[in-house]
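Right, one structure below, let's go through it.
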Amino acid sequence: MQSWLADFHIHSLLSPCADIEMTPHHIVCRAAENGVGLLAITDHNVSGNVRAALASGQEYGVTVWPGLEVECQEGAHIVVLFDGMRKLLTFQGVVDQNMSGLKNNPEKFGGQFVVDENDDFVCEEERLLLAPVALTAKQINKLAGEIGGVAIAAHVDRPSYSILTALGFIGPDDGFAAAELSRHALKELGEKKLCRLVGGLPYLTNSDAHTMDEFLYGPKNRVYMHEPTIKEFKLALAGSDGRMVEAGQFAEKK
């Protein structure tokens with residue numbers, strides 16, 4: 001059994017709300033410096049900076065899972081993770097077909113930049129990313145599962161962009177593998193006041209970082225599993241045969 005300090009919800013500068021310093025190379029480099037061995041770049045509705053993160057992961061010995069944070073039709077955010085680029089691209093194709101079609105206003109929302117593994121500018125994403133897609137939460141989760149991914153209900157404690165705010169509760173057939181708590185709700189790990197509303201799902205604590213300080217100081221998870229795959233991760237969330245996930249962990253910053 002091996003363990004990884006993991007953060008499954010990080011935004012790069014492709015997300016309009018993220019700082020310009022949040023390049024894939026910079027994120028992965030700082031992860032390696034601070035003992036974060038498993039991470040996911042999860043930009044809003046798109047995954048254009050994932051390839052650069054994967055290349056940087058190989059350079060620094062950090063496992064990077066391809067992912068994105070989808071805003072479902074109900075207005076809630078869902079973190080979707082895969083362990084292969086081909087799976088992500090299949091999922092991304094469906095998301096692309098269901099995007100709003102609106103164009104971004106950089107002056108109002110911020111720029112949306114794609115870079116390469118050397119942090120060199122590639123292009124600017126012109127589509128508006130801060131908008132829901134025409135897919136329900138159940139449709140997103142079902143598609144992710146069929147492709148071999150995992151769906152996480154993002155920041156369920158927050159008053160906005162939370163599936164609890166949108167629907168009131170998470171049902172057993174909604175297709176979520178875990179419920180994420182924001183950095184402001186770590187007491188919930190002990191109190192478990194939301195446990196019934198999230199259907200007893202296991203908790204994760206990710207940084208949801210939009211700045212480097214949020215990434216370095218934000219909560220993470222210690223994941224015990226045999227190898228860093230989505231299949232093993234699902235077993236860890238279920239506590240199968242010694243595998244487990246310990247939420248509420250932090251990096252030892254250097």
Side-chain angles (χ1 to χ4, degrees), residues 1-10 38-40 42 65 67-83 91 135-208 218-250:
M1 193 77 68
Q2 302 179 65
S3 74
W4 288 262
L5 186 63
D7 191 336
F8 302 112
H9 190 174
I10 307 167
L38 175 59
L39 61 82
T42 53
W65 280 351
L68 66 164
E69 183 180 28
V70 189
E71 185 173 342
C72 66
Q73 186 172 290
E74 297 91 340
H77 288 179
I78 301 171
V79 172
V80 181
L81 306 175
F82 301 93
D83 52 14
F91 183 82
L135 295 167
T136 66
K138 282 189 176 182
Q139 288 173 324
I140 289 168
N141 297 351
K142 182 174 184 293
L143 176 64
E146 290 173 346
I147 298 172
V150 63
I152 299 164
H155 35 67
V156 293
D157 57 284
R158 283 175 44 180
S160 59
Y161 302 115
S162 161
I163 198 70
L164 292 187
T165 301
L167 301 180
F169 66 96
I170 295 176
D173 300 322
D174 286 340
F176 289 104
E180 177 193 74
L181 299 174
S182 79
R183 57 185 176 274
H184 305 295
L186 298 184
K187 287 184 178 180
E188 173 62 17
L189 291 173
E191 295 175 349
K192 299 190 181 303
K193 293 180 179 179
L194 298 176
C195 191
R196 181 179 59 83
L197 293 179
V198 300
L201 289 172
Y203 284 136
L204 293 174
T205 51
N206 301 307
S207 68
D208 188 12
K220 294 167 177 46
N221 310 276
R222 176 65 65 178
V223 185
Y224 298 84
M225 52 190 174
H226 292 296
E227 57 182 348
T229 64
I230 293 296
K231 181 179 179 180
E232 280 286 309
F233 182 50
K234 290 179 179 178
L235 291 172
L237 288 170
S240 176
D241 293 331
R243 302 173 184 85
M244 62 179 176
V245 176
E246 293 179 344
Q249 306 298 303
F250 291 84

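The structure displayed is predicted, hence computed values, not measured ones.
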F82 and ring-ring contact (aromatic ring centres under 6.0 Å, His included): which single residue from F233, F8, F91 fits?
F91

Nearest-0.5 Å distance that lies between atom CD1 in I78 and atom OG1 in T136
8.0 Å

Would you mind writing out the side-chain donor-acceptor pairs for residues 146-153 within the sub-3.5 Å range, not counting sequence neighbours?
| residue | atom | partner | partner atom | Å |
| --- | --- | --- | --- | --- |
| E146 | OE2 | K142 | NZ | 2.5 |

Go through the structure and list residues passing salt bridge (charged side-chain N to carboxylate O under 4.0 Å, His left out) with D157, not counting sequence neighbours.
none

If only atom types and distance count, is the side chain of E188 paired as donor or acceptor with the main-chain N or O of K193 below 3.5 Å?
yes

Which residues share a ring pair (Phe, Tyr, Trp, His ring centres under 6.0 Å) with Y161, sequence neighbours left out:
H77

Validation row: K138, D174 side chains within 4.5 angstrom (heavy atoms):
yes

Apply side chain to side chain donor-acceptor pair (under 3.5 Å) to T229 and D83, showing your working.
CA-CA 6 Å; T229 64; D83 52 14; 4.7 Å; no

Exercise: identify the closest heavy-atom pair between A179 and L201:
N-CB, 4.1 Å

Just by distance, do the side chain of T42 and the backbone of I10 share a donor-acceptor pair under 3.5 Å?
yes

Specify the closest pair of heavy atoms between D208 and R183, including all atoms of both residues, with the distance to one decimal.
O-NH1, 4.2 Å

Heavy-atom nearest pair, A154 first then E69, reads CB-OE2, 3.9 Å

Taking only residues two or more places apart in sequence or in another chain, which ones pass ring pair (Phe, Tyr, Trp, His ring centres under 6.0 Å) with F176?
none

Side chain of W65, backbone of I230: donor and acceptor closer than 3.5 Å?
no

Using a 6.0 Å cut-off, check whether atom NZ of K192 has over 12 heavy atoms from anything other than its own residue.
yes

Tell me whether E180 contacts the main-chain N or O of L204 through its side chain, where contact means a donor paired with an acceptor under 3.5 Å.
no

Could you tell me which non-hydrogen atom of D7 sits nearest to which non-hydrogen atom of P219, and how far apart they are?
OD2-O, 4.2 Å

To the nearest 0.5 Å, what is the distance between OG on S240 and NZ on K234?
13.5 Å

When you compare the side chain of V156 with that of S162, does any pair of heavy atoms fall below 4.5 Å?
yes

Using a 3.5 Å distance criterion without hydrogens, assess whether the side chain of Q249 forms a donor-acceptor pair with backbone atoms of A247.
yes

Please output the side-chain donor-acceptor pairs of residues 163-172 that fall under 3.5 Å, not counting sequence neighbours, one pair per line with the distance.
| residue | atom | partner | partner atom | Å |
| --- | --- | --- | --- | --- |
| T165 | OG1 | R158 | O | 3.2 |
| T165 | OG1 | P159 | O | 3.3 |

Residues which pass side-chain contact (heavy atoms from CB on, under 4.5 Å) with H226, listed by chain and number, not counting sequence neighbours
M1, E232, R243

Test your reading of the model: is there a side-chain donor-acceptor pair from T205 to the backbone of K220, 3.5 Å cut-off?
yes

Atom pair CG/CG of N221 and L5 - distance to nearest 0.5 Å:
8.0 Å

Side chains of V70 and L135, heavy atoms from C-beta outward: is any pair under 4.5 Å?
no

Got a second to check how far L186's CG is from E191's CD, nearest 0.5 Å?
11.0 Å

Closest approach of L189 and G248, non-hydrogen atoms and distance?
CD1-CA, 3.7 Å

